[in-house]
There are 2 protein chains.
Amino acid sequence: MMKNDVVQLLEEKHIKPSLHRIKILEYLMVHRNHPNVDMIYKAIGKEIPTLSKTTIYNTLKIFQESGIVQFLTVEENEVRFDATMQHHAHFRCVTCGAVHDIELSSKVFEMESVDGHRITGSQIYFFGHCRDCSQLRVIS
Amino acid sequence: MMKNDVVQLLEEKHIKPSLHRIKILEYLMVHRNHPNVDMIYKAIGKEIPTLSKTTIYNTLKIFQESGIVQFLTVEENEVRFDATMQHHAHFRCVTCGAVHDIELSSKVFEMESVDGHRITGSQIYFFGHCRDCSQLRVIS
DNA sequence: ATCATTGCAAACACTTTGCATACGC
DNA sequence: GCGTATGCAAAGTGTTTGCAATGAT
């Protein structure tokens, strides 16, 4: 993921590519770790000392409204962010807290309505023990 | 749903059936509206004026640990509760905020592992405009 | 000069915690 | 009386808001 790709994506969506916006989107595109606001803040704050969380919140909201990122409510107490918009599920490890993308060919994603309700979006969340945490458990 | 059913369920799970616990579980069983804490508080508070939200939080946590209710993170800013433990999906109307149960025969619910991660639970969430809100939109 | 972006601090909302009180057996 | 259940108030935490300061053209 080159910086130019990020800039181009922002321009396509008619979002002025300011330094902050580029860095935030770049972080999401490169890491793909479904961060919360604090993770982004800690990571980018090193490069941009004056960065505020308010800007991160504002920026992510703009990104969501433009369809560049989606909000994940896979945690009870905080929102996480995902710059991958293609249909996929998410797995959250209840031990280490990591969130992984899950490629899943499910008809759920293709449903346009259910019980008379018009569907505009969907999320599939899995919970459990991730590969690494399961192995640790076996060893110990 | 009779009061006796609620008491019996609590006793099965070795939870002392206090008045508060009975009322809270009864509310969940009868209404099945996936309430948040405030909805429960406002509803039951009429009958039990001294009820505190702390008790509701405590009680729901006990219920969850005993497998009587599940927590839904279908909202960005609050937790909702569901006393139906059978596999099903949820639909949240982004217009009116209502959350509906969706009966869904999906293989997603039967998966025990994915990408090497051990699955212990899953949630399927749909978002969109519910039947009522869609109709209103058509009329206006 | 003007308009959008950013940042600080306060406000907000939901939830948790500590500890004192009340209740049930 | 003793142990649990409950409740109040305060603290904690993630997020939003108001408004001033900064930055870009």
Side-chain angles (χ1 to χ4, degrees), chain A residues 6-7 10-11 13-27 34-66 68-82 92 97 99, chain B residues 6-7 10-11 13-27 34-66 68-82 92 97 99:
Chain A
V6 172
V7 172
L10 289 173
E11 286 175 344
K13 299 289 182 176
H14 308 103
I15 300 170
K16 190 191 285 184
S18 70
L19 173 64
H20 295 72
R21 290 170 177 172
I22 293 170
K23 285 292 179 189
I24 292 171
L25 184 52
E26 201 174 37
Y27 178 87
H34 315 85
N36 56 30
V37 166
D38 201 57
M39 290 163 74
I40 299 172
Y41 180 72
K42 286 205 171 71
I44 303 182
K46 292 173 186 168
E47 298 176 57
I48 310 175
T50 64
L51 180 70
S52 83
K53 285 192 179 179
T54 303
T55 298
I56 300 177
Y57 280 108
N58 289 340
T59 302
L60 289 168
K61 190 167 191 183
I62 291 172
F63 287 175
Q64 184 202 32
E65 289 165 354
S66 300
I68 295 179
V69 308
Q70 54 181 328
F71 287 19
L72 304 183
T73 58
V74 72
E75 301 265 0
E76 276 172 27
N77 56 340
E78 67 188 10
V79 178
R80 283 170 168 264
F81 307 94
D82 189 350
R92 179 168 69 83
V99 175
Chain B
V6 172
V7 172
L10 289 173
E11 286 175 344
K13 298 290 183 175
H14 308 102
I15 300 170
K16 189 191 285 184
S18 71
L19 173 64
H20 295 70
R21 289 170 178 172
I22 293 170
K23 285 291 179 190
I24 292 171
L25 185 52
E26 201 174 38
Y27 178 86
H34 315 84
N36 56 29
V37 166
D38 200 57
M39 291 164 74
I40 300 172
Y41 179 72
K42 288 206 169 73
I44 303 183
K46 293 173 183 168
E47 298 176 54
I48 311 174
T50 64
L51 180 70
S52 82
K53 285 192 180 179
T54 303
T55 298
I56 300 177
Y57 280 109
N58 289 339
T59 302
L60 289 167
K61 190 168 190 181
I62 292 172
F63 287 175
Q64 184 202 31
E65 287 166 355
S66 300
I68 294 179
V69 308
Q70 54 182 327
F71 288 18
L72 304 184
T73 58
V74 72
E75 300 266 358
E76 277 172 27
N77 56 340
E78 67 188 8
V79 178
R80 283 169 167 265
F81 307 95
D82 189 351
R92 179 167 69 81
V99 175

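Computed from a predicted model, the values in this text were never measured in an experiment. Every chain is numbered from 1 and lettered A, B, ... according to where its sequence line falls, protein lines coming before strand lines. Worth knowing before you read on, the calculation uses all heavy atoms, side chains too, and leaves out hydrogens, waters and symmetry mates.
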Any donor-acceptor N/O pair, Thr73(A) side chain to Glu75(B) backbone, under 3.5 Å:
no
Separation of Lys53(B) atom NZ from dC14(C) atom C1', in whole Å?
8 Å
Rounded to the nearest Å, what distance is computed from the OH atom of residue Tyr41(A) to the C1' atom of nucleotide dT13(D)?
15 Å
Can you tell me if Tyr57(A) touches the phosphate of dT15(D), counting only side-chain N or O atoms and a distance under 4.0 Å to OP1 or OP2?
yes
Quickly work out the Met39(A) CE to dG14(D) P distance and round it to whole Å.
13 Å
With heavy-atom distances below 4.5 Å as the criterion, would you say the side chains of Arg21(B) and Val6(B) are in contact?
no
Min side-chain heavy-atom separation Ile15(B)-Ile68(B) under 4.5 Å
yes
Nearest whole Å is fine: how far is dT15(C) P from Gln64(B) CD?
12 Å
Can you name the closest pair of heavy atoms from Gly97(A) and Arg80(A) and give their distance?
O-NH2, 3.4 Å
Which heavy-atom pair separates Val74(A) from Arg92(A) by the least distance, and what is that distance?
O-NE, 2.8 Å
Which atoms of nucleotides 19-23 of chain D (N or O only) lie under 3.5 Å from a protein N or O atom, and what are those distances?
none

Rounded to whole Å, how long is the line connecting atom CD of Glu78(B) with atom C1' of dT16(D)?
15 Å
Atom NZ of Lys61(B) and atom P of dT6(D): how far apart are they, to the nearest Å?
16 Å
Quick one: closest heavy-atom pair of Leu25(A) and Phe63(A), and the distance?
CB-CE1, 3.8 Å
Just the rounded figure in Å: distance from P of dT16(D) to CD1 of Ile56(A).
13 Å
Min side-chain heavy-atom separation Asp38(B)-Lys42(B) under 4.5 Å:
yes
Would you mind reading off the distance between His14(B) atom NE2 and dT4(D) atom C1', rounded to a whole angstrom?
17 Å
For Thr59(A) and Thr55(A), indicate whether the former's side chain and the latter's backbone hold a donor-acceptor pair under 3.5 Å.
yes
Tell me the closest heavy-atom pair linking Ile40(B) and Pro35(B), and the distance in Å.
CG1-CG, 3.7 Å
How does protein contact run along nucleotides 1-12 of chain C, one letter per nucleotide 5' to 3', with B for base contact, S for sugar-phosphate only, - for none, heavy atoms under 4.0 Å?
----SSBBB---
